[in-house]
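Here the structure is a predicted model, which is why all the values come from computation and not from measurement.
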Amino acid sequence: QVQLVESGGGLVQAGGSLTLSCAASGRTFSSYAMGWFRQAAGKEREFVAAITYSGDSTYYTDSVKGRFTISRDNAKNTVYLQMNSLKPEDTAVYYCAAAEVVAGLDDSDYWGQGTQVTVSS
């Protein structure tokens, strides 16, 4: 079992920045790929970013490339999402997920409770 707790959401003006954190507990964090997803009101959940267990590879959806950065600190059992140049369309509840491989994140059994990010125009 892996327990995930997100933090760092909030209200920010367009063009601003936020850093989300996802703290993991339970089984060995460093053996899991980690990802961030988001769900805006009335929309389906969408993939945002992912990072392999070692941190060697990262993946992003096109709409956040160049603005968001995913990273991890295996010593702290934490994955981060640095979000810069935020836009109103980034407004959503952001969730982190853990899986054995990046391809398995969307179907993972391990999800956090979510943290709200609201970007005002």
Side-chain angles (χ1 to χ4, degrees):
Q1 290 285 342
V2 176
Q3 292 80 43
L4 304 172
V5 178
E6 302 97 335
S7 61
L11 174 64
V12 63
Q13 289 187 333
S17 299
L18 280 175
T19 300
L20 305 183
S21 300
C22 174
S25 60
R27 297 184 64 183
T28 306
F29 172 78
S30 60
S31 66
Y32 282 86
M34 299 296 297
W36 287 96
F37 293 75
R38 66 187 179 186
Q39 187 167 21
K43 296 186 177 181
E44 293 187 353
R45 185 181 68 202
E46 66 169 346
F47 167 78
V48 176
I51 188 167
T52 54
Y53 71 95
S54 63
D56 287 348
S57 297
T58 56
Y59 308 88
Y60 299 92
T61 192
D62 285 347
S63 63
V64 308
K65 285 180 181 178
R67 300 189 299 122
F68 290 12
T69 303
I70 188 171
S71 62
R72 67 190 297 159
D73 186 337
N74 286 344
K76 294 183 178 180
N77 285 5
T78 302
V79 63
Y80 305 96
L81 186 67
Q82 173 69 44
M83 306 185 294
N84 298 325
S85 302
L86 282 161
K87 304 176 180 180
E89 51 263 43
D90 294 318
T91 295
V93 178
Y94 284 70
Y95 299 90
C96 67
E100 292 187 357
V101 294
V102 168
L105 283 167
D106 197 41
D107 295 324
S108 174
D109 291 331
Y110 306 123
W111 293 86
Q113 82 289 350
T115 186
Q116 175 71 48
V117 172
T118 303
V119 184
S120 63
S121 58

Not counting sequence neighbours, list each pair that qualifies as a salt bridge (Lys or Arg N to Asp or Glu O under 4.0 Å) and has a residue in residues 68-77. none

Is there side-chain contact between Val64 and Met83, with heavy atoms separated by less than 4.5 Å? no

Between atom CD of Gln3 and atom CG of Asn77, what is the distance when rounded to the nearest 0.5 Å? 11.0 Å

Going by the disulfide bond (SG atoms under 2.5 Å apart) test, which pairs reach into residues 62-91, not counting sequence neighbours? none

Apart from Tyr80 itself, what residues make up its hydrophobic cluster, given side-chain heavy atom links below 4.5 Å? none

What pairs with Thr52 under side-chain hydrogen bond (donor to acceptor under 3.5 Å, both in side chains), at least two apart in sequence or on another chain? none

Any side-chain heavy atom of Leu20 sitting closer than 4.5 Å to one from Glu6? no

Show me the side-chain donor-acceptor pairs of residues 114-121 shorter than 3.5 Å, one per line, residues at least two apart or across chains.
from	atom 1	to	atom 2	distance (Å)
Thr115	OG1	Gly9	N	3.1
Gln116	NE2	Ala92	O	3.4
Gln116	NE2	Thr118	OG1	3.3

Provide the full list of disulfide bond (SG atoms under 2.5 Å apart) pairs with a residue in residues 29-87, sequence neighbours left out, each pair given once. none

Show me the pairs that pass ring-ring contact (aromatic ring centres under 6.0 Å, His included) and involve residues 41-65, at least two apart or across chains. Phe37-Phe47

Considering only residues two or more places apart or on different chains, which pairs with a residue in residues 83-121 satisfy disulfide bond (SG atoms under 2.5 Å apart)? Cys22-Cys96

Is any side-chain heavy atom of Phe68 closer than 4.5 Å to a side-chain heavy atom of Trp36? no

List for me each residue that meets side chain to side chain contact (heavy atoms under 4.5 Å, CB included) alongside Glu44, sequence neighbours excluded, and say none if there are none. none

Does Gln13 CD have over 12 foreign heavy atoms under 6.0 Å away? no

Cluster link Val12 to Val93, ILVMFWY, side chain under 4.5 Å: no

Sort and list the pairs that fulfil disulfide bond (SG atoms under 2.5 Å apart) and have at least one residue in residues 53-95, not counting sequence neighbours. none

Kindly write out the residues that satisfy side chain to side chain contact (heavy atoms under 4.5 Å, CB included) with Gln39, not counting sequence neighbours, or none if the list is empty. Arg45, Tyr95

Taking Trp111 as the starting point, is it possible to reach Leu81 by hopping between hydrophobic residues whose side chains are less than 4.5 Å apart? no

Taking salt bridge (charged side-chain N to carboxylate O under 4.0 Å, His left out) as the definition, give me every residue that meets it alongside Asp62, ordered by chain and number, with sequence neighbours left out. Lys65

